[in-house]
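Here's the structure, in structure tokens; my notes come after.
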Amino acid sequence: MNKYAIQHIPDSEYAYPLNENTLRLVLKTERGEKFKEVSVLWNNKYDFAKRRNFTRMRLLCHDAMYDYHVCDLTSGDARFAYIFLLTLPSDEEYYFSEEGLTGEYDFKHGYYTFFQFPFINAADVITTNPWAKDAVVYQIFIDRFCRGDSEKDDTYITKSWEQVPGSKDFAGGDLKGVTEKLDTIQDMGFNTLYLTPIFRSPSNHKYNVADYTKVDPMFGADEDLYDLIRATHARGMRVILDAVFNHCDESNPLFADVKEKGRASEFYDWFIVHGDFPEKYASSASSRHPERSEAQSKDPEDESGGLRTSGCFADATSPLVTPTPSASSRHPERSEAQSKDPEDESGGLRTSGCFAPLNMTQFCNYEIFADCPYMPKWNTSNPKVREYLIHIALTYLSWGVDGLRLDVADEVSHTLWRELKAAVRDKYPHALLIGEVWHENGMYLGGDEFDGVMNYKLQKVFADYFAGGLLTAQEAADKINRVIMCHRRQTNEMMLNFLDNHDTPRFLRLCGENEENLRAALVALYFSMGMPCVLYGTELPLTGDGDPDCRRTYDWAKKPRHALFLRELARTRKSLPDGEFYAKLEHGCLVLVRENETERVKAYFGRTKTRGDVIFEYENIRLVKESV
């Protein structure tokens, strides 16, 4: 037995309450390790030495390295003490407690070494948002979706609707256009809108906000937003807005005040300025080293950019200095192509904890998003800034907005997110908070910050398996299970799952324009636990490379080939059981499983014999319902 592979952490995704009386436990062991039985000895911590309950664990799933054993302990006493009992095929028994793996256990003095969940406090139980579990989300990039206001001032538009827009182009989509198409959206089975930013900003994407509470005239008036909210709610639908609290536009009045007054501004410490005044630098490394520019990025998920992360600097010729891909590969719309200063370019050079001198690779003396000096970063360590941003969030929710997607969430202080969650929970308990976190995200998902995050880890598996053909069915199952087991079950129900979005290439392009592969991935998306989110135009389908090509305009003259397919997926999704979700390999096929105590539904991706009632079938994909 590989004792080094046995893992359990109390009060984590391996020990958490499902409700006020039930504790979910997870034990990790080496994949394939043979046990006759894995079980839990438990009681309340004050009676543990006298007597113990016995509960067998179930081997739920495995990833590439570990098996995951699971059980739920239900008791009228919310104080849990427990240890694990591992029985080998030879009938040898081992105990696993806080002192590790032992052949014997001293129950009399167990209070020193048993695992414990001291008390299930109701306030600490993560509850699934009542509407998120059933949400089917349609994401809209406003400028490219639909123009509904034919009388607005359209002198800002730079491309006709039929043309493929570039990163700085404006096509003319607006909020009235979204309202106009609500019936079409709902008819495809969607019940939730996710809108990219809509407030005053000089860009087409609006992620550099100049005024947080006024709808940009390009997209309409404030009343157009209120009309859209009322119209969605009248249809039983919901609205999620994009909130950008990491940075703003340099034209934001608060930053403009700092530019004018420097340290004398009352908002000076609302931003992170390294000097008396915010300053830009006229030259940059990329003008001398174009091979290092962000346009040369090879890794579409690298976010390093040219941001200074420490107080020390290296000489530009230092061997520590190496060119790295820029954050703009993730958000190219925020790249220097949007800069008002054509000489502002970052070059994206990184060192091992240090950056070259400011006049070599940096181009401003204040903290920014990515390599964009026109996007100054809020100082969310400042209580006044947090109060200001939380007020904005509560204002959106007071308008009837149902949830917020929080941009660049991993660069914002945890303190802001905790305070925001507390404020939202107090006034709008059913509002949903989704963070944009591309990498490890468990630190945000303990219940005190976000309800869920954008599930880039699951998207990567879908892209590698259905589009790239980079994974075997077994490897795909292993990776899906690892993603699922990294989170609490309630959290998995509130993850925002997707195949593509405004920051990624269209999934159809990743599939080499193969629409059957796209449909297969859509089945997996809708079958998975969490909220499926589909990017506007997938139903046509729209194609395109990374931004800006993934943000093409919607061709309303074209009949959507996949609209009925999406509607059928939404209908089928309603029949899936709540409970567990995991992946496995059966007969060489990738199989996704949804199950509870009484029924199980399997999604088979491949031709194989199946048993049970077929509830959905497409090509070689089959959803089969079984009794447990």
Side-chain angles (χ1 to χ4, degrees), residues 7-28 38-58 60 68-85 95-99 105 107 110-130 132-133 414 417-419 421-426 429-433 441-453 484-495 529-530 578-581 596-597:
Q7 296 181 27
H8 177 77
I9 304 173
D11 202 1
S12 73
E13 63 271 21
Y14 303 127
Y16 59 92
L18 295 174
N19 53 53
E20 293 180 46
N21 302 107
T22 303
L23 184 68
R24 161 66 58 101
L25 297 182
V26 179
L27 181 71
K28 292 168 64 174
V38 177
S39 52
V40 180
L41 304 177
W42 63 279
N43 203 341
N44 78 68
K45 62 182 181 178
Y46 298 104
D47 294 332
F48 183 83
K50 304 174 188 176
R51 54 187 175 274
R52 292 157 294 280
N53 301 299
F54 175 89
T55 299
R56 290 184 178 87
M57 302 192 79
R58 171 193 177 191
L60 181 68
Y68 294 88
H69 305 265
V70 175
C71 73
D72 297 334
L73 309 180
T74 300
S75 173
D77 192 325
R79 304 166 297 175
F80 289 87
Y82 57 94
I83 63 172
F84 299 95
L85 176 62
Y95 299 94
F96 186 65
S97 64
E98 286 189 353
E99 66 176 348
Y105 189 76
F107 290 98
Y111 50 81
Y112 280 114
T113 59
F114 54 54
F115 293 113
Q116 68 164 344
F117 201 97
F119 193 89
I120 298 179
N121 289 284
D124 297 331
V125 178
I126 296 176
T127 56
T128 302
N129 183 292
K133 185 184 296 186
H414 287 279
W417 298 140
R418 293 187 186 107
E419 292 178 357
K421 181 61 179 288
V424 169
R425 181 186 290 166
D426 180 53
H430 292 165
L432 188 70
L433 297 180
N441 46 48
M443 65 287 288
Y444 297 97
L445 297 172
D448 58 345
E449 296 190 42
F450 305 143
D451 298 305
V453 298
I484 292 297
M485 298 308 294
C486 279
H487 304 122
R488 296 162 176 83
R489 191 171 80 183
Q490 303 99 304
T491 301
N492 281 322
E493 293 177 327
M494 296 183 286
M495 298 290 275
M529 181 178 287
D578 291 333
E580 309 298 342
F581 170 59
N596 57 27
E597 295 80 4

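From a predicted model like this one, the values you see are computed outputs, not experimental measurements. Residue indices begin at 1 and follow the sequence shown.
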Qualifying residues under ring pair (Phe, Tyr, Trp, His ring centres under 6.0 Å), relative to [X], sequence neighbours excluded:
X      : result
His414 : Tyr444
Phe84  : His8, Tyr82, Phe115
Tyr95  : Phe107

Backbone N/O of [Y] and side chain of [X]: donor-acceptor pair under 3.5 Å:
X      : Y      : value
Asn121 : Asp124 : no
Gln490 : Ile126 : yes
Asp448 : Arg418 : no
Asn43  : Arg51  : yes
Asn492 : Ile484 : yes
Asp451 : Leu433 : yes
Asp47  : Lys50  : no
Asn21  : Gly76  : no

Is there a side-chain contact between [X] and [Y] in this structure, where contact means two heavy atoms from C-beta onward sitting under 4.5 Å apart?
X      : Y      : value
Tyr16  : Val125 : no
Arg79  : Pro118 : no
Phe450 : Leu445 : yes
Pro10  : Phe117 : no
Lys133 : Met494 : no

* Nearest atoms (heavy-atom pairs only) where Glu20 meets Ala78 -> O-CB, 4.0 Å
* Which residues pass the side chain to side chain donor-acceptor pair (under 3.5 Å) test with Thr113, sequence neighbours left out? -> Tyr105
* To do: Apply side chain to side chain donor-acceptor pair (under 3.5 Å) to Asn19 and list each qualifying residue two or more places apart in sequence or on a separate chain.
  => Thr22
* Asked: Think Arg52 forms a cation-pi with Phe54, using NZ or CZ under 6.0 Å from the six-ring centre and within 45 degrees of its axis?
  -> no
Straight-line distance of [X] [atom1] to [Y] [atom2], nearest 0.5 Å:
X      : Y      : atom1 : atom2 : value
Glu98  : Gln116 : CD    : CD    : 7.0 Å
Gln7   : Ser12  : CD    : OG    : 10.5 Å
Glu419 : Glu449 : CD    : CD    : 11.0 Å
Trp42  : Leu73  : CH2   : CG    : 5.5 Å
Asn129 : Leu432 : CG    : CG    : 5.0 Å
Asp77  : Phe119 : CG    : CZ    : 8.0 Å

* Have a look at Tyr14 and tell me which of Leu27, Val70, Val26 forms a side chain to side chain contact (heavy atoms under 4.5 Å, CB included) with it. => Val26
* Asked: Out of Leu25, Leu85, Leu23, which one pairs with Val40 under the side chain to side chain contact (heavy atoms under 4.5 Å, CB included) rule?
  -> Leu25
* **Steps toward side chain to side chain contact (heavy atoms under 4.5 Å, CB included) verdict (Ile83, Phe48)** => CA-CA 10 Å; Ile83 63 172; Phe48 183 83; 4.1 Å; yes
* To do: Could you walk me through whether Val453 and Met495 pass side chain to side chain contact (heavy atoms under 4.5 Å, CB included), step by step?
  => CA-CA 5 Å; Val453 298; Met495 298 290 275; 3.4 Å; yes
* Kindly indicate, with the supporting measurements, whether the criterion side chain to side chain contact (heavy atoms under 4.5 Å, CB included) is fulfilled by Arg56 and Val38. => CA-CA 6 Å; Arg56 290 184 178 87; Val38 177; over 6 Å; no
* Is any side-chain N of the basic residue among Glu597 and Arg58 closer than 4.0 Å to the acidic one's carboxylate O? -> no
* **Between Lys45 and Tyr111: side-chain donor-acceptor atoms closer than 3.5 Å** => no
* Structure fact -> Residues passing the salt bridge (Lys or Arg N to Asp or Glu O under 4.0 Å) test with Glu13, sequence neighbours excluded, are none
* With side chain to side chain contact (heavy atoms under 4.5 Å, CB included) as the test, would you mind laying out the steps for Arg488 and Arg24 before giving the verdict? => CA-CA 9 Å; Arg488 296 162 176 83; Arg24 161 66 58 101; over 6 Å; no
